[in-house]
Number of protein chains: 6
Amino acid sequence: MYRHVKNLQFAAKPEKPDAVYAMKLQELIGGQFGELTVTMQYLFQGWNCRIPGKYKDMLLDIGTEEIGHVEMISTMIARLLEGAPNETTEKAAAVNPVLGAVLGGMNPQHAILAGGGATPFNSQGVPWNTGYIVASGNLLADFRSNAHAEAQGRLQTSRLYNMSDDPGVRAMLKFNLARDTWHQQQWLLGIEQLQEDGLADIVEDSNFENEDKIQDHTYWVFDETSTATEGRWAQGRTLVDDQEILVQNPAVPSDDIGLLPPPDPKLYATYDGSQGRGKPGTAAGGTAQGIANVVKKVTGTD
Amino acid sequence: MYRHVKNLQFAAKPEKPDAVYAMKLQELIGGQFGELTVTMQYLFQGWNCRIPGKYKDMLLDIGTEEIGHVEMISTMIARLLEGAPNETTEKAAAVNPVLGAVLGGMNPQHAILAGGGATPFNSQGVPWNTGYIVASGNLLADFRSNAHAEAQGRLQTSRLYNMSDDPGVRAMLKFNLARDTWHQQQWLLGIEQLQEDGLADIVEDSNFENEDKIQDHTYWVFDETSTATEGRWAQGRTLVDDQEILVQNPAVPSDDIGLLPPPDPKLYATYDGSQGRGKPGTAAGGTAQGIANVVKKVTGTD
Amino acid sequence: MYRHVKNLQFAAKPEKPDAVYAMKLQELIGGQFGELTVTMQYLFQGWNCRIPGKYKDMLLDIGTEEIGHVEMISTMIARLLEGAPNETTEKAAAVNPVLGAVLGGMNPQHAILAGGGATPFNSQGVPWNTGYIVASGNLLADFRSNAHAEAQGRLQTSRLYNMSDDPGVRAMLKFNLARDTWHQQQWLLGIEQLQEDGLADIVEDSNFENEDKIQDHTYWVFDETSTATEGRWAQGRTLVDDQEILVQNPAVPSDDIGLLPPPDPKLYATYDGSQGRGKPGTAAGGTAQGIANVVKKVTGTD
Amino acid sequence: MYRHVKNLQFAAKPEKPDAVYAMKLQELIGGQFGELTVTMQYLFQGWNCRIPGKYKDMLLDIGTEEIGHVEMISTMIARLLEGAPNETTEKAAAVNPVLGAVLGGMNPQHAILAGGGATPFNSQGVPWNTGYIVASGNLLADFRSNAHAEAQGRLQTSRLYNMSDDPGVRAMLKFNLARDTWHQQQWLLGIEQLQEDGLADIVEDSNFENEDKIQDHTYWVFDETSTATEGRWAQGRTLVDDQEILVQNPAVPSDDIGLLPPPDPKLYATYDGSQGRGKPGTAAGGTAQGIANVVKKVTGTD
Amino acid sequence: MYRHVKNLQFAAKPEKPDAVYAMKLQELIGGQFGELTVTMQYLFQGWNCRIPGKYKDMLLDIGTEEIGHVEMISTMIARLLEGAPNETTEKAAAVNPVLGAVLGGMNPQHAILAGGGATPFNSQGVPWNTGYIVASGNLLADFRSNAHAEAQGRLQTSRLYNMSDDPGVRAMLKFNLARDTWHQQQWLLGIEQLQEDGLADIVEDSNFENEDKIQDHTYWVFDETSTATEGRWAQGRTLVDDQEILVQNPAVPSDDIGLLPPPDPKLYATYDGSQGRGKPGTAAGGTAQGIANVVKKVTGTD
Amino acid sequence: MYRHVKNLQFAAKPEKPDAVYAMKLQELIGGQFGELTVTMQYLFQGWNCRIPGKYKDMLLDIGTEEIGHVEMISTMIARLLEGAPNETTEKAAAVNPVLGAVLGGMNPQHAILAGGGATPFNSQGVPWNTGYIVASGNLLADFRSNAHAEAQGRLQTSRLYNMSDDPGVRAMLKFNLARDTWHQQQWLLGIEQLQEDGLADIVEDSNFENEDKIQDHTYWVFDETSTATEGRWAQGRTLVDDQEILVQNPAVPSDDIGLLPPPDPKLYATYDGSQGRGKPGTAAGGTAQGIANVVKKVTGTD
């Protein structure tokens with residue numbers, strides 16, 4: 001359950017309005033790496049966490065922090081939109097031609113949809129969606145996802161920091177930059193903790209015993225002039241299993257050339273008969289038959 | 001520019017068809033962490049890479065490898081769909097009632113849309129989209145994104161491996177598991193290389209000098225009963241800058257309670273006048289005025 | 001700012017797992033009217049609210065309540081998924097053919113993506129997006145939107161209630177049904193309060209003085225056999241302005257038949273010249289010219 | 001079945017072109033509350049309506065009216081785009097620097113995709129989708145949805161009205177404003193009619209007998225400083241069932257702290273064993289077992 | 001403007017309900033090539049058509065016909081859903097284990113969202129969106145798009161025809177198959193008419209005089225073992241301009257290896273300095289400068 | 001499997017940067033008819049092709065060519081963005097007011113997300129998705145789809161060609177225009193080849209024997225004043241089956257007026273009882289019963 005505290009984590013007070021910058025700042029709300037992403041990603045990971053105690057609590061702590069970040073940036077955007085030129089501009093433009101430019105740069109949805117407030121979209125007006133987030137139940141994989149989201153989010157914040165001189169905007173973004181520096185580390189330290197607790201290795205390696213034992217330490221080259229083999233990823237020892245890295249240059253494929261079986265004629269796939277005659281999918285074909293046989297055996301109806 | 005070689009990287013030959021499993025395997029094509037994601041993510045990162053040589057070449061090598069993975073899994077799916085029961089099933093169901101179950105588990109789009117082949121969608125039929133990928137130009141941030149994608153992708157492959165007993169399916173997935181183990185390491189080794197080449201620190205830290213120097217090493221607690229402070233992320237030294245981690249328990253907000261300025265009356269936001277009178281956005285307000293003044297000064301038309 | 005309390009608002013304890021029902025229950029998380037929708041809709045409305053005090057506080061109270069509803073249902077789904085048949089089922093199916101049916105009805109993403117937890121998607125695996133929500137700044141319009149969301153959400157909850165006999169599931173849904181009954185009333189009472197405070201009329205009527213004064217009380221008939229004029233909406237007095245409702249039967253259009261001007265030839269729209277010669281869009285055309293003239297006048301550079 | 005009449009419902013004739021305004025007006029075609037939304041929402045509700053006669057006919061009348069609204073606004077947009085500067089602008093910009101501003105404000109897709117006509121997208125170029133609409137079969141819930149759509153749609157129209165001085169644009173929007181005033185009332189009158197016909201109560205209350213009888217009239221407070229209890233929604237009698245409204249301040253949760261059962265080990269969710277040992281999902285677990293037992297009993301194969 | 005006629009174009013009466021088939025049939029409403037696609041594509045093309053008379057009228061005739069097709073299939077789906085098992089099924093399943101299978105195959109959204117009616121989604125529950133359609137203003141390009149939509153739509157209808165034995169379903173689909181056969185021809189005949197009227201060539205060839213005169217008749221080979229040159233597309237004369245088709249085997253690229261300029265340092269793209277020093281984007285860089293110079297010249301403010 | 005060659009197919013070297021044009025050019029990467037669409041459409045068609053030899057090889061040749069087109073245009077965009085004004089612009093704007101206009105016209109995501117490179121989105125920032133493509137297995141239908149994609153893609157390229165005077169941009173687009181002219185022909189020649197090989201007729205006509213033999217050659221008129229019957233599509237002989245085209249004027253519907261059966265009362269669809277009493281969906285209703293009976297017969301458990 002959640003509770004609300006009226007006070008923002010950090011003040012969101014621009015020195016003066018700037019409707020064009022408000023448009024850009026939307027990226028930090030509804031972009032792929034906006035605050036909605038980290039909010040929902042950490043909350044779902046926390047709710048889905050199977051370990052009572054520090055891991056679950058930490059995920060929910062930070063997820064809860066992030067809801068407040070959406071609130072801060074939304075507030076900032078509404079304040080940046082104060083006095084924006086939302087109405088008829090013909091006469092204003094006669095006195096001030098550059099007004100047209102500002103109107104071009106603004107996002108009209110700030111006026112039309114949100115009445116001067118933030119929208120839940122990115123800087124281009126594209127809605128945020130939950131296809132951006134992940135909560136796999138596997139904390140190593142998820143902490144890597146979280147570290148990546150914070151790295152990308154911080155980079156975007158940093159670029160946006162450079163796009164404004166407003167001291168109030170910059171003060172808030174200094175806070176955000178710091179939290180993103182911190183959160184990146186937090187997830188990397190989380191991986192250390194998982195390893196210390198015996199809950200994870202260096203990489204996600206479930207079913208490790210079943211994987212191909214050559215292909216897990218071989219660099220494949222797909223370009224004749226590639227210089228990629230000069231990198232650390234193509235020489236020295238692997239991080240996992242301490243093997244000498246192999247190079248396959250050039251890449252050597254299998255002998256399967258991907259020909260498909262004859263099609264089901266009732267699906268009207270174009271076909272010249274060269275692979276033999278296709279059969280309509282029925283109880284006699286594919287999966288159906290497999291299970292059908294089983295049923296017959298079990299029920300004895302054959 | 002790209003070239004095609006008919007042979008698949010690894011054979012995609014199921015021992016027998018399994019239409020229900022074909023539906024599940026779509027996740028590895030069109031899911032958030034399917035092969036389309038890594039293909040497009042690495043290719044765009046490579047095309048966007050500013051360093052001629054090993055980094056750019058490596059990104060394009062692996063991006064090119066991944067196109068072939070989409071090809072392999074698409075081929076596998078088409079073969080798994082052979083003989084699937086796509087047509088009228090009333091009479092078949094009279095002999096074999098379980099057929100209905102299989103039909104329920106299958107994805108009818110495999111027949112209706114693709115004529116027995118793979119679709120470019122995930123296991124639930126949701127189209128893949130480029131909102132899943134990132135190519136920021138910053139290789140540290142992007143390599144973290146790549147490591148995360150490989151970790152999540154491998155975990156999904158591993159779960160799917162457990163969902164089939166088919167030797168042909170499993171042989172191919174062993175290959176995929178191994179590549180994902182390898183690629184996770186490759187991106188981590190890429191980060192090592194960036195650091196060795198002086199091109200990156202531990203975390204994304206552009207504008208580091210401008211960030212808040214307390215909030216970059218402070219853990220905030222948002223739940224009174226949180227035990228999260230027991231973790232490594234709330235004690236010891238930071239990875240960056242070697243500071244002692246601070247704990248703020250409970251979280252202490254600012255004194256900004258998020259009140260907004262009076263609204264533009266022409267936007268019809270509901271308002272009781274308690275913050276003073278709102279003014280219509282015009283050339284006299286916000287951004288417009290700022291730039292307008294500048295124009296007047298420059299052109300001397302006032 | 002937000003805080004977390006570990007305890008759920010209401011217990012989310014199913015008596016026994018039911019993976020197929022877990023799939024259906026996803027509709028209440030990530031569907032058009034799932035808890036993510038009301039959470040985000042009320043929070044953005046609250047952050048965007050221009051009136052300090054009871055309205056803003058109420059919006060944020062309920063928005064905060066709804067975050068906890070996402071948490072409750074996510075927890076319920078993870079518990080419903082306990083012991084779900086996620087792995088190879090060939091041998092199991094030999095003993096138990098109906099297992100195949102259950103597997104068909106389950107959502108494989110619960111295993112592949114979420115490791116046995118809830119996903120942030122709807123019952124068909126479609127991601128939730130912020131295109132579902134609205135926060136217009138106009139509280140009358142927004143409270144109507146909120147009443148609609150609660151009505152649709154309650155109806156879906158009620159249908160889902162009938163789809164399970166599990167006492168634990170039903171206990172939680174009784175709570176949800178009640179909250180939705182209550183919240184529907186709360187928004188209707190909110191409209192009463194707005195009207196009492198002089199902040200709203202019966203319908204959204206900004207720019208009322210400018211609208212067409214016949215068309216705001218006329219029912220148009222578009223089907224010769226329509227019996228719609230028997231309804232209250234086609235007879236009696238209007239709610240606004242107390243006018244006698246008019247009926248236009250049949251609908252009578254204007255004399256504008258929608259012909260378009262000649263196309264810009266450089267856009268290669270197919271055209272037979274019958275409307276005269278199209279001119280390429282340049283500084284001499286359309287909007288550009290209007291503003292251009294203004295600039296010339298202002299700067300005197302002509 | 002539908003028929004077409006060439007004449008528009010109302011003339012869509014701007015006095016002069018305005019490409020930037022054309023971009024904004026797209027919101028009324030393809031936005032969340034654009035004409036495509038009401039068109040498709042009413043048509044699907046009409047087709048899905050179970051009552052022959054006035055309700056079904058009314059839904060289809062208005063749905064049919066709305067198709068014509070899409071037509072009107074599309075025509076208006078194509079006319080507003082006449083002479084827009086779609087081609088090379090280098091030389092033009094040398095004479096007329098403000099041309100660049102107009103080009104910035106325009107939507108290039110009007111030229112690139114639509115050859116100077118309307119697109120089926122919103123003002124930011126985001127495609128319209130059927131996730132915006134609802135047709136639940138329950139007329140009370142649906143009429144509330146319709147009243148909300150008309151309220152939001154009218155508010156957006158009203159804001160757009162203020163953004164143009166063009167007499168032809170304004171004449172058409174006066175018509176649209178009036179229809180939206182009228183349609184809001186029509187749906188509210190529709191609810192009156194449903195109640196008069198004994199087909200609906202005040203709120204959606206199916207399964208009313210099963211809901212929690214305290215939680216349906218209790219306001220929960222989630223912020224210590226909330227003043228929300230001053231509103232009508234926290235005092236007086238409920239609209240349904242005439243109960244005294246209760247206040248729960250602060251919100252008091254259950255004692256369920258959301259811990260999850262041990263995970264299926266084959267899904268590789270991170271887990272420390274503290275909740276006991278997880279079991280792989282098989283025929284012995286969850287739903288599968290329940291149904292399996294039934295099958296054994298029915299078929300007698302045990 | 002549109003009018004409604006209650007009668008369907010063709011009866012939509014299944015002999016008996018079939019909830020699983022209803023799910024599949026949704027593809028013809030909300031799929032990429034469902035009736036919503038052709039409806040909206042033809043209507044937007046018609047509204048956007050620049051030629052008064054037979055072309056515009058024909059587009060609007062068929063667009064209007066297609067609205068009625070959505071209506072027919074929606075009605076069919078609602079009837080197929082009659083008596084579907086939407087409620088608790090535990091006891092029913094005890095008597096009838098296969099019920100579980102049907103429930104698995106059904107789409108629960110038919111009950112939860114639509115109360116037993118059609119949804120505006122495809123067979124997998126994915127919403128339809130206007131990104132599927134095109135209305136370019138160029139009738140040759142658009143008629144090719146229309147012919148493609150009818151071909152794909154007919155193929156899907158034909159596959160769905162084979163998936164049902166219901167005489168009522170089949171009767172309606174015979175009608176749909178015929179209309180799709182007819183409409184394919186209609187668009188091909190439309191292209192003949194365009195050519196006869198001098199409004200189009202064989203292919204879209206605007207700016208024909210500016211295109212590369214070798215690359216418009218050269219087949220490129222990208223696979224060493226490709227046998228594609230055996231086809232008509234690699235031998236004989238072109239359709240346009242009557243040229244001998246050339247073959248470039250293997251494909252020969254340019255000497256541009258895609259290296260990028262030094263990055264703007266303020267964007268923190270990873271860079272080793274090897275291309276020289278990047279400069280921050282300012283008024284001195286790129287586009288800005290170009291236009292800036294122009295302004296200075298025009299206004300004389302330098 | 002694929003290989004990479006560093007050299008682009010054609011040089012992508014603009015004479016000078018132009019950030020606004022870079023925004024527009026994104027349409028050719030991530031738009032509905034951008035290079036990602038043709039790339040993925042042809043590759044999936046190739047992988048799904050059932051005929052070994054020239055058809056499959058041709059599809060994969062061209063799909064492989066198209067990957068290189070995405071690469072070319074991405075490279076062009078990154079070069080067009082060189083020196084774009086991405087940072088604080090207050091002081092620059094004081095000297096150069098038109099800078100604001102350029103900033104308005106630019107897409108800020110080029111800086112924020114991509115660090116000065118291309119994004120995988122369209123000109124409005126909307127992500128590309130696989131819902132744009134088709135691979136049906138039927139080569140006639142798919143070649144028609146491919147011809148349409150090339151026609152629309154060429155038209156967009158041609159419009160974009162006119163929007164730039166840059167010789168380097170134009171040189172590359174001349175190449176693209178030529179390839180699109182060629183590829184349109186290639187797919188039309190592909191249809192000729194299919195017909196010559198006996199693999200296709202003029203239109204998609206599977207199940208031809210089952211379609212309604214009147215409706216496949218009848219033009220329906222839906223507007224009383226329609227002049228559409230003047231066109232070739234309403235007179236003369238059909239392309240298929242050589243029939244005289246019929247005209248149905250006006251359109252004459254069936255006598256099915258679309259009334260629905262009584263609803264399942266447990267779904268709470270609004271209903272007045274006029275169609276008789278609805279029955280809850282159970283094992284006794286609809287599909288379930290049909291299959292249930294079958295099971296009983298087969299297993300003999302009744």
Side-chain angles (χ1 to χ4, degrees), chain B residues 1-7 46-53 55-56 60 86-91 93 97-109 111-113 115 119 121 124-127 136-143 194 197-200 204-207 297-301, chain E residues 18 20 23-24 27-28 31-33 97-98 100-106 122-126 152 155-157 159-166 221-226 250-254 257-264 266-275 278 295-296 299-301:
Chain B
M1 198 179 82
Y2 296 78
R3 293 191 192 280
H4 183 243
V5 173
K6 282 210 183 72
N7 307 59
W47 297 329
N48 191 13
C49 181
R50 302 282 173 168
I51 307 179
Y55 292 106
K56 192 177 185 90
L60 292 174
N86 297 315
E87 287 87 41
T88 316
T89 51
E90 194 165 88
K91 282 165 210 153
V98 179
L99 189 59
V102 178
L103 288 167
M106 283 176 57
N107 181 338
Q109 287 191 328
I112 302 172
L113 266 67
T119 60
F121 307 150
Q124 294 290 286
V126 176
S136 74
N138 182 294
L139 295 188
L140 176 64
D142 284 359
F143 287 5
L194 285 170
D197 291 350
L199 295 169
E204 198 291 311
D205 62 357
S206 59
N207 261 320
K297 195 178 64 187
V298 172
T299 60
T301 57
Chain E
D18 183 344
V20 175
M23 174 271 282
K24 294 175 188 169
E27 196 67 31
L28 295 191
Q32 185 186 4
F33 299 108
V98 178
V102 178
L103 288 167
M106 282 176 59
N122 74 5
S123 67
Q124 294 289 286
V126 176
Q152 297 284 357
L155 179 62
Q156 296 185 1
T157 302
R159 287 165 175 168
L160 279 159
Y161 179 91
N162 291 343
M163 293 179 187
S164 172
D165 274 344
D166 188 290
V221 178
F222 288 90
D223 184 321
E224 283 182 19
T225 64
S226 177
V252 178
S254 77
I257 58 167
L259 297 187
L260 299 186
D264 178 343
K266 290 301 195 70
L267 293 181
Y268 313 111
T270 307
Y271 179 54
D272 63 354
S274 60
Q275 308 295 298
V295 173
K296 286 175 192 168
T299 59
T301 58

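Naming convention: chains lettered A, B, ... in sequence-line order (proteins, then strands); numbering from 1 in each chain. Every heavy atom of this structure was used, including side-chain atoms; hydrogens, water molecules and symmetry mates were not. Computed from a prediction, not measured in an experiment: that's the story for all the values here.
- A distance of 10.5 Å separates CG of B:Leu139 from NZ of B:Lys56, quoted to the nearest 0.5 Å.
- Contact annotation for E:Ser226: only backbone heavy atoms (N, CA, C, O) come within less than 4.5 Å of a heavy atom of chain B.
- A donor-acceptor pair under 3.5 Å is formed between the side chain of B:Asn138 and the backbone N or O of E:Tyr268.
- Residue contact with chain B, scored on non-hydrogen atoms closer than 4.5 Å, involves the backbone and the side chain of E:Gln156 alike.
- With a 4.5 angstrom heavy-atom cutoff, B:Asn207 touches chain E via backbone and side-chain atoms both.
- Counting only heavy atoms from C-beta outward, the side chains of B:Phe121 and B:Leu113 approach each other to under 4.5 Å.
- Taking B:Gln124, B:Glu204, B:Gln109, B:Arg3 one by one and counting their heavy-atom pairs under 4.5 Å with chain E, the maximum is reached by B:Gln109.
- Residues B:Leu199 and B:Ile51 are in side-chain contact: their nearest non-hydrogen atoms beyond the backbone lie under 4.5 Å apart.
- Of the two parts of B:Asp197, neither the backbone nor the side chain holds a non-hydrogen atom closer than 4.5 Å to a non-hydrogen atom of chain E.
- The backbone N or O of E:Pro262 sits nowhere less than 3.5 Å from a side-chain atom of E:Gln275 that would complete a donor-acceptor pair.
- The shortest side-chain heavy-atom distance between B:Leu140 and E:Thr270 does not fall under the 4.5 Å cut-off.
- Interface remark: B:Leu194 contributes side-chain atoms only to the contact with chain E (heavy atom separation under 4.5 Å).
- Contact tally against chain E (heavy-atom pairs below 4.5 Å) for B:Ala141, B:Gly115, B:Gly198, B:Pro127: the top residue is B:Gly115.
- The greatest number of non-hydrogen atom pairs below 4.5 Å with chain B, out of E:Pro261, E:Gly278, E:Ser274, E:Ser254, is found for E:Pro261.
- Looking at E:Thr225, both its backbone and its side chain come within 4.5 Å of chain B, counting heavy atoms on both sides.
- Taking the six-membered ring where the residue is Trp, B:Tyr2 and B:Trp47 present perpendicular rings, their angle passing 60° and hence far from 30°.
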